[in-house]
Amino acid sequence: MASLLPRRALLKTAGTATAALAAVALSLTGCSTGPATSTPATEQAETAAFPVTIKHAFGETTIKEQPKRVVTISWVNDDVAIALGVVPVGVPKNEWGNNDKGSTPWKDAALEKLGAGFGSDKAPVQFSEADGINFTEIAKLNPDVILGAYSGLEEADYKKLSEIAPVVAYPELAYGTPWQESTTIIGKALGKEAEAKKLIEDTEATVKDKVSKYPQIKDKTFIYGNLEPAKGDGVNVYTAIDNRPRFLSEIGMKLAPVVEQNTKTNKDFFIPWSAEKANELESDVFVTWVPEAATADAIKADPLLGQIPAVKSGALVADADQTLTLSISASSPLSLPWALDTFLPQLGSAADKAAGK
């Protein structure tokens with residue numbers, strides 16, 4: 001099978017350059033700490049009825065009163081809290097698709113609006129997750145709640161975190177929570193259900209408006225996967241439960257029948273696919289991520305991968321921007337509006353080529 005970044009590193013992409021990136025990310029151990037008594041930048045009004053109980057994959061968690069010291073793990077959860085106007089006291093560093101602040105452009109912009117940009121006194125403490133859940137740093141922050149509605153928490157980690165504070169885990173599948181559901185869950189946990197509902201509505205309206213400018217993508221079939229040139233096992237195809245295909249379906253495209261027909265269970269987020277059968281991956285558009293721009297040319301020139309119908313027609317979307325890939329893969333109410341101005345033109349161009357324009 002093509003090499004896959006760990007699910008903790010989110011992106012099931014392939015290639016030696018990608019493997020090197022993963023190795024670098026996993027070797028990072030530096031973290032910044034702050035006093036456990038620091039005051040969160042956003043004071044929340046007591047507007048919701050507490051306690052609240054949230055059901056999830058490991059049972060249920062009761063939050064007795066509105067949290068004031070919020071810590072997040074994984075991706076998405078910090079985006080959602082910040083989008084709801086809550087500045088966490090601690091967040092993980094982005095160690096893939098990150099900028100020089102260990103963050104993302106959309107998170108930086110939202111924190112700046114709240115007067116809590118990284119480098120300021122009111123900024124969240126950042127800790128490393130390169131080696132997994134950072135129990136030590138999280139405990140130092142003395143949280144009232146730990147948000148992991150979108151995460152890959154294992155039960156042992158959940159139990160250990162629960163000794164620190166109430167933990168909001170994912171509802172069913174690791175890394176499988178749609179951004180809308182993550183937003184709803186986190187809104188409930190923070191006593192901001194009405195704000196979460198409006199945030200979802202506003203984000204969906206923004207997405208709809210941006211997508212409306214690219215009518216050619218509607219009803220086009222797609223495959224979202226990763227391609228590794230020059231390897232006989234160099235293809236992985238994402239299924240309907242993965243957030244990447246889920247997003248393309250939400251904006252009016254259709255998951256290729258070949259993917260649906262070969263999805264064996266409702267828990268597999270990808271299908272390994274032999275490059276020898278690459279020509280059977282029939283779709284109008286094929287979307288992937290590449291470690292560097294030259295890889296796209298290598299895919300087109302590959303004697304097997306080059307036979308994928310969408311590659312042959314020129315309808316391949318292959319972007320080397322890790323931050324853009326992260327924004328779609330770990331989509332949130334902050335990342336999607338940021339991503340679409342770059343991503344939609346690429347999809348539109350591919351759809352035009354699929355239509356022979």
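The structure displayed is predicted, hence computed values, not measured ones. Numbers for residues simply follow the sequence, beginning at 1.
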Could you check whether any side-chain N or O of Arg69 sits under 3.5 Å from a backbone N or O of Leu141, counting only pairs where one atom can act as donor and the other as acceptor? yes
In terms of heavy-atom contacts, Val317 and Ala350 come closest through CG2-CB, 3.6 Å
Begin from the C-alpha positions of Tyr214 and Ile251 and carry the test side-chain contact (heavy atoms from CB on, under 4.5 Å) through to its verdict. CA-CA 10 Å; Tyr214 298 88; Ile251 63 173; over 6 Å; no
Kindly indicate whether the side chain of Val145, heavy atoms from C-beta on, has any atom under 4.5 Å from the side chain of Thr61. no
Checking side-chain polar atoms at under 3.5 Å, does Asn243 have a donor or acceptor matched by the opposite partner on Trp179? no
Show the numbers, then the answer: is there a side-chain contact (heavy atoms from CB on, under 4.5 Å) between Asn99 and Thr323? CA-CA 8 Å; Asn99 57 24; Thr323 305; over 6 Å; no
Assess, by modelled atom type and distance only, whether the side chains of Asp284 and Thr221 contain a donor and an acceptor separated by less than 3.5 Å. yes
Any side-chain heavy-atom pair of Phe343 and Leu324 under 4.5 Å: yes
Checking side chain to side chain contact (heavy atoms under 4.5 Å, CB included) against Lys300, which of Leu316, Ile308, Thr295, Leu305 comes through? Leu316
If I take atom CD1 from residue Ile217 and atom CG from residue Leu347, how far apart are they, to the nearest 0.5 angstrom? 5.5 Å
Report yes if some heavy atom in the side chain of Ile328 is under 4.5 Å from a heavy atom in the side chain of Phe247; otherwise report no. yes
Check for a donor-acceptor pair, side chain of Thr288 on one end and backbone N or O of Gly225 on the other, with a separation under 3.5 Å. yes
Is the backbone N or O of Ala149 less than 3.5 Å from a side-chain atom of Thr177, with the two atoms forming a donor-acceptor pair by type? yes
Output the distance between atom NZ (Lys188) and atom CZ (Phe50), rounded to the nearest 0.5 Å. 10.0 Å
Residues 253-266 vs side-chain hydrogen bond (donor to acceptor under 3.5 Å, both in side chains), sequence neighbours excluded, gives Thr265-Asp268
Mind running side-chain contact (heavy atoms from CB on, under 4.5 Å) on Leu248 and Arg244 for me, showing each step along the way? CA-CA 7 Å; Leu248 294 182; Arg244 287 156 281 201; over 6 Å; no
Tyr175 and Trp75 aromatic ring geometry - parallel, tilted or perpendicular at 30°/60° bounds: tilted
Does atom NZ of Lys353 have more than 12 heavy-atom neighbours from other groups under 6.0 Å away? no
Flag, side chain of Ser349 to backbone of Gln346, donor-acceptor distance under 3.5 Å: no
For the backbone of Asn226 and the side chain of Asn236, can you confirm whether one donor and one acceptor N or O come within less than 3.5 Å of each other? no
Going from CG on Leu304 to CG on Leu227, what distance comes out if it is rounded to the nearest 0.5 angstrom? 11.5 Å
Quick one: closest heavy-atom pair of His56 and Glu60, and the distance? NE2-C, 3.6 Å
So which atom in Ala256 and which in Ile223 form the shortest heavy-atom distance, rounded to 0.1 Å? CB-CG1, 3.6 Å
Is Lys220 reaching over with its side chain to a backbone N or O of Gln216, donor-acceptor style, under 3.5 angstrom? yes
Check whether any side-chain heavy atom of Thr342 sits under 4.5 Å from a side-chain heavy atom of Asp321, and report yes or no. no
So does Val235 get a backbone contact from the side chain of Glu228, meaning a donor-acceptor N/O pair under 3.5 Å? no
Would you tabulate the side-chain donor-acceptor contacts of residues 159-173 under 3.5 Å, counting partners in other chains and residues two or more places apart, or write 'none'?
from: Ser162; atom 1: OG; to: Tyr158; atom 2: O; distance (Å): 2.8
from: Tyr170; atom 1: OH; to: Leu153; atom 2: O; distance (Å): 2.7

Considering non-hydrogen atoms only, spot the tightest contact between Pro67 and Ile63 and give its length. CG-CG2, 3.9 Å
Are Arg246 and Glu250 close enough for a salt bridge, meaning some N to O gap below 4.0 Å? no
Determine whether Val125 and Val89 satisfy the following criterion, side-chain contact (heavy atoms from CB on, under 4.5 Å), listing intermediate values before the conclusion. CA-CA 6 Å; Val125 169; Val89 294; over 6 Å; no
Nearest heavy atoms of Ser120 and Ala116, plus distance in Å: OG-C, 3.4 Å
Between CG of Leu281 and OG of Ser274, what distance do you get to the nearest 0.5 Å? 10.0 Å
Looking at side-chain heavy atoms only, is the closest gap between Pro88 and Val71 below 4.5 Å? no
Among Gln126, Glu129, Gln322, Lys107, find the one that has a side-chain hydrogen bond (donor to acceptor under 3.5 Å, both in side chains) with Asn94. Lys107
Please examine the side chains of Ser283 and Tyr224, heavy atoms only from C-beta on, and report whether any two atoms are closer than 4.5 Å. no
Could you go step by step and tell me if Lys197 and Glu201 meet the salt bridge (Lys or Arg N to Asp or Glu O under 4.0 Å) rule? CA-CA 6 Å; Lys197 182 174 183 293; Glu201 291 171 351; 2.7 Å; yes
Using a strict threshold of under 4.0 Å (side-chain N to carboxylate O), is an ion pair present between Lys198 and Glu195? no
Donor-acceptor contacts under 3.5 Å from residues 333-341 side chains, at least two apart:
from: Ser335; atom 1: OG; to: Ser327; atom 2: O; distance (Å): 2.8
from: Ser335; atom 1: OG; to: Ser332; atom 2: N; distance (Å): 2.9
from: Asp341; atom 1: OD1; to: Lys210; atom 2: NZ; distance (Å): 2.9
from: Asp341; atom 1: OD2; to: Lys210; atom 2: NZ; distance (Å): 3.4

Measuring from atom OG of Ser182 to atom CG of Leu147, what distance do you get when rounded to the nearest 0.5 angstrom? 10.0 Å
Heavy-atom side-chain contact between Pro124 and Leu111 under 4.5 Å: yes
Separation of Glu181 CD from Ile186 CD1 (nearest 0.5 Å): 11.0 Å
Of the non-hydrogen atoms in Asp79 and Trp106, which two are nearest, and what is the gap between them? OD2-NE1, 2.9 Å
Side chain Asp108, main chain Gly117, donor-acceptor under 3.5 Å: no
pair Val311-Asp302: side-chain heavy atoms closer than 4.5 Å: no
